[in-house]
There are 4 protein chains.
Amino acid sequence: MRKRRQPVISPRKAPRQARSATLVEDVLEAAVRVLAREGARRFTTVRVADEAGVSVGSLYQYFPNKEALLFRLQADEWNETLGIFEEILADRKQPPLARLRRAVVTFFRSEREEAELRVALDDAGALFRDAAPARAIVERAMGIVGAFMAEALPAQSLARRTEAADFVLTSMSAIAEKVTARRLTRREVDAWASSCADLLCHYVEALALR
Amino acid sequence: MRKRRQPVISPRKAPRQARSATLVEDVLEAAVRVLAREGARRFTTVRVADEAGVSVGSLYQYFPNKEALLFRLQADEWNETLGIFEEILADRKQPPLARLRRAVVTFFRSEREEAELRVALDDAGALFRDAAPARAIVERAMGIVGAFMAEALPAQSLARRTEAADFVLTSMSAIAEKVTARRLTRREVDAWASSCADLLCHYVEALALR
Amino acid sequence: MRKRRQPVISPRKAPRQARSATLVEDVLEAAVRVLAREGARRFTTVRVADEAGVSVGSLYQYFPNKEALLFRLQADEWNETLGIFEEILADRKQPPLARLRRAVVTFFRSEREEAELRVALDDAGALFRDAAPARAIVERAMGIVGAFMAEALPAQSLARRTEAADFVLTSMSAIAEKVTARRLTRREVDAWASSCADLLCHYVEALALR
Amino acid sequence: MRKRRQPVISPRKAPRQARSATLVEDVLEAAVRVLAREGARRFTTVRVADEAGVSVGSLYQYFPNKEALLFRLQADEWNETLGIFEEILADRKQPPLARLRRAVVTFFRSEREEAELRVALDDAGALFRDAAPARAIVERAMGIVGAFMAEALPAQSLARRTEAADFVLTSMSAIAEKVTARRLTRREVDAWASSCADLLCHYVEALALR
DNA sequence: AATGAATGAGGATTCATTCAT
DNA sequence: GATGAATGAATCCTCATTCAT
């Protein structure tokens with residue numbers, strides 16, 4: 001694959017004033033609507049700006065390019081999901097595996113709700129797979145699950161726990177993505193989540209016994 | 001999402017003559033090369049035709065549009081993988097779970113080898129998620145795994161076995177896709193495959209006891 | 001100065017068929033008209049294509065980019081001028097200095113006629129200052145004047161003759177460019193040419209005596 | 001050539017206060033840096049203002065448009081060079097032709113040092129070839145060389161001396177521009193300057209004998 | 001007087017597809 | 001059947017300038 005210029009993805013400037021913050025919000029919301037209504041192929045910066053009632057120039061004042069806009073959408077979605085995820089996994093009032101189960105189910109549900117956007121984003125993107133900010137999110141996720149593993153698998157080495165965190169995170173998100181793209185009902189998604197949780201709990205248990 | 005004209009995906013005509021068959025082969029091989037060399041963004045029909053030493057017009061004689069060409073690439077890859085998969089799962093000389101394990105490992109390896117193409121294909125398209133021919137492949141896959149389940153879970157209802165087949169297939173392919181996109185070494189991919197196989201075997205065993 | 005990608009300047013494909021050759025001619029003529037009528041700033045590929053009664057796409061079939069089109073204009077002009085220049089300088093029926101004088105005058109006149117285009121090109125350009133094809137033209141010019149020097153200064157070393165050729169060529173073209181940009185009358189330009197010829201003849205004579 | 005709105009080139013207002021004078025200086029220096037660092041194509045008013053640590057609005061307070069800013073850069077450079085030039089030509093302690101020779105050499109050296117800026121300026125503009133302030137500079141130059149000619153060619157008519165001044169000035173600057181654009185070493189430029197001075201001295205001598 | 005956010009026309013270039021030869 | 005020139009809408013992005021604050 002020929003070297004492709006990795007698009008700049010970080011925001012061009014942080015909006016300082018209230019007006020700008022609103023503008024950025026407007027653009028992001030408009031972007032979601034355009035993506036949903038027109039699909040990834042017709043997702044253009046001009047259309048987004050129009051939808052936001054803003055000039056293209058203004059859009060480019062805050063997003064250096066189209067990729068950055070898409071990435072921001074993606075990142076916001078991920079971060080929100082991660083927030084929920086973290087909250088559940090860190091709740092020491094429940095036994096670890098119960099938390100894991102709940103977290104998995106919640107994750108699937110959340111993914112289901114965002115499926116529309118996520119699929120559109122997938123179509124549009126994959127443009128930032130390796131971008132630094134993308135890695136930052138992965139790291140945040142690993143941090144969250146890693147902390148959980150430290151608690152659930154205290155006897156294991158850090159390396160092994162990291163491996164476990166990666167496995168759980170990767171499997172769960174891979175399956176959730178694929179399944180929620182099918183637009184199933186909440187009940188159906190819950191069933192998948194439950195099966196998936198079974199497996200992952202079993203995985204952690206098995207590791208604990210090693 | 002606005003109704004988008006679902007692109008025609010089936011070949012415009014089946015190549016009857018040897019010359020045509022060769023042409024189609026040439027085009028497909030050229031397409032793989034262009035995808036690898038230029039990336040999804042620069043994958044154009046003219047470039048593919050050039051690379052194949054064929055005129056664009058001829059390309060359009062056998063592929064109604066660009067999507068059809070991409071789909072064909074994808075389908076060929078899937079079918080090949082499925083062929084291997086079937087062979088292993090159907091081999092009655094081995095106990096079912098051993099076969100499942102071997103199949104999973106082989107699947108991961110095969111996905112790893114095709115990762116380059118698959119990722120490029122993903123970038124280029126996802127244009128045919130719901131196309132009829134895509135479903136045909138899914139059905140073929142379900143048939144293969146369903147047959148295996150009939151043997152491994154003879155006591156379960158067809159519905160439950162179908163569900164199991166879907167679960168195994170979906171989980172395995174979701175995880176394999178995500179993991180092999182990381183361009184790991186064969187050894188690393190084998191480790192993932194092994195963990196994944198553990199879980200899926202456990203899943204089938206658990207089902208058998210219900 | 002930050003590294004700027006040097007634009008590709010060589011023609012994208014050689015026009016094979018009569019139709020294409022006509023198209024290229026049409027485009028070049030249209031380009032001259034657009035440059036003259038609208039000025040360098042409004043010289044756009046779309047406008048040129050329109051003026052030529054051709055689609056932009058067609059223009060890009062034969063010129064990889066705007067620079068290449070401009071360069072072609074420039075090169076054609078230079079080559080034509082050089083042709084005349086060569087003819088005069090190589091005409092052994094006249095004594096060398098008489099030829100040089102005639103060549104200089106003819107060069108100034110030719111430059112005067114092309115001034116409109118050249119000035120517009122200058123404004124537009126500098127886009128191709130260092131491109132390889134530009135150097136080819138310089139080499140052709142050096143060849144022509146070098147041959148003349150071999151005859152006029154047979155006693156001098158090659159290095160010195162090359163130096164002399166460079167000096168004559170550079171001085172003459174620098175002065176001619178600057179002067180003809182002033183849109184003087186033919187008579188006025190002739191006066192300049194004559195003064196310039198005086199100097200250059202003196203220069204060659206002085207060199208011959210060294 | 002279609003009538004193009006000749007850009008306003010004179011400063012919008014003369015900076016009265018120290019603060020303004022500083023601002024104008026800052027902007028000019030920033031402009032030089034931007035031109036050098038980013039090239040003519042990326043020379044924008046916003047970028048210059050940023051580099052100067054000033055708002056675009058402020059920039060437009062003192063320069064009515066981009067052209068005026070570029071022109072000011074050009075004019076400053078010219079005036080500086082002219083100052084040196086004048087100093088040498090007016091120095092009655094030396095014989096005229098010796099002064100002319102020294103002036104030419106100094107001019108070439110000065111042009112060599114400014115070549116970077118001059119080329120960038122050419123690329124960016126040449127937008128003000130006929131602007132009134134540009135003529136003022138030409139007139140200043142003509143005044144300087146004219147005074148020299150009055151001394152060197154006292155027997156000639158004013159018209160002839162003016163012609164001579166124009167010839168010397170035009171030839172020298174044309175050749176110097178072209179040669180220094182080649183980024184030669186100081187020694188090489190000196191050689192060109194010397195040859196050029198030879199010719200121009202010869203020109204003046206020949207005129208004196210008429 | 002200073003700011004800098006907002007504008008939006010304008011430009012270069014690409015590419016899926018057609019259709020005259 | 002094969003060819004490949006021609007099409008032109010569509011895309012991303014820039015930037016001189018203004019004007020509300």
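Each chain gets a letter, A, B and so on, in the order the sequences are listed, and its residues count up from 1. Note that this is a predicted model, so its numbers are computed, not measured.
Between the P atom of E:dC15 and the CZ atom of B:Phe43 lies a distance of 12 Å, rounded to the nearest Å. Separating the CZ atom of A:Phe63 from the P atom of E:dA5 is a distance of 15 Å, rounded to the nearest angstrom. With rounding to whole Å, A:Asn65 atom CG is found 5 Å from F:dC13 atom P. One can place CG of B:Leu23 at 12 Å from C1' of F:dT3, the figure rounded to the nearest angstrom. What separates OH of B:Tyr60 from P of E:dC19 is a distance of 13 Å, to the nearest Å. Distance B:Arg41 CZ to E:dT14 C1': 12 Å, rounded to the nearest Å. Regarding B:Arg42, its CZ atom lies at a distance of 12 Å from the P atom of E:dA16, rounded to whole Å. Counting to the nearest Å, the P atom of E:dA12 and the CG atom of C:Leu59 are 10 Å from each other.
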Under the rule of Watson-Crick or G-U wobble with both distances under 3.5 Å, where | means paired to another strand and [ ] a crossing pair, DNA chain E maps to .||||||||||||||||||||

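Considering only side-chain atoms of A:Thr45, the nucleotide from F:dT17, E:dT13, F:dC13 that sits closest is F:dC13. Distances were taken from every side-chain heavy atom of B:Gln61 (C-beta onward) to each of E:dT17, F:dC12, F:dG1; the shortest belongs to F:dG1.
Taking the side chain as every heavy atom from C-beta outward, D:Tyr62 and D:Leu69 never approach each other to under 4.5 Å. By the 4.5 Å heavy-atom criterion applied to side chains, A:Phe63 and A:Thr45 are not counted as neighbours. With contacts defined as side-chain heavy-atom distances shorter than 4.5 Å, the pair C:Asp76/C:Arg72 qualifies.
Not counting sequence neighbours, C:Arg47 has no partner by the salt bridge (Lys or Arg N to Asp or Glu O under 4.0 Å) test. A search for side-chain hydrogen bond (donor to acceptor under 3.5 Å, both in side chains) contacts involving B:Arg118 returns B:Glu111, B:Thr180, not counting sequence neighbours. With sequence neighbours left out, the side-chain hydrogen bond (donor to acceptor under 3.5 Å, both in side chains) criterion links B:Thr44 to no other residue.
Less than 4.0 Å separates DNA chain E from no heavy atom of any residue of residues 26-33 of chain A.
Of all heavy-atom pairs between A:Asn65 and A:Ala68, the closest is OD1-N, 2.9 Å.
With rounding to the nearest 0.5 Å, the separation of CG in A:Leu28 from CD in A:Glu25 is 5.5 Å. Within the model, atoms CZ of D:Phe71 and CD1 of D:Ile137 stand 4.5 Å from one another, a figure rounded to the nearest 0.5 Å.
Between B:Gly57 and A:Gly57, the residue anchored closer to the 5' end of DNA chain E is A:Gly57, taking for each the nucleotide with the nearest heavy atom. Taking the nucleotide of DNA chain E with the nearest heavy atom to each of C:Ser58 and D:Gly53, the more 5' of the two is matched to D:Gly53.
OP1 or OP2 of E:dG11 sits under 4.0 Å from a side-chain N or O of C:Arg47. In this structure, A:Ser55 reaches the E:dT7 phosphate: one of its side-chain N or O atoms is under 4.0 Å from OP1 or OP2. A close approach under 4.0 Å does occur between a side-chain nitrogen or oxygen of C:Tyr62 and OP1 or OP2 of F:dA6.
Pairs of residues two or more places apart, or lying in two chains, that qualify as salt bridge (Lys or Arg N to Asp or Glu O under 4.0 Å) and include a residue from residues 50-59 of chain D are D:Arg33-D:Glu51, D:Arg37-D:Glu51.
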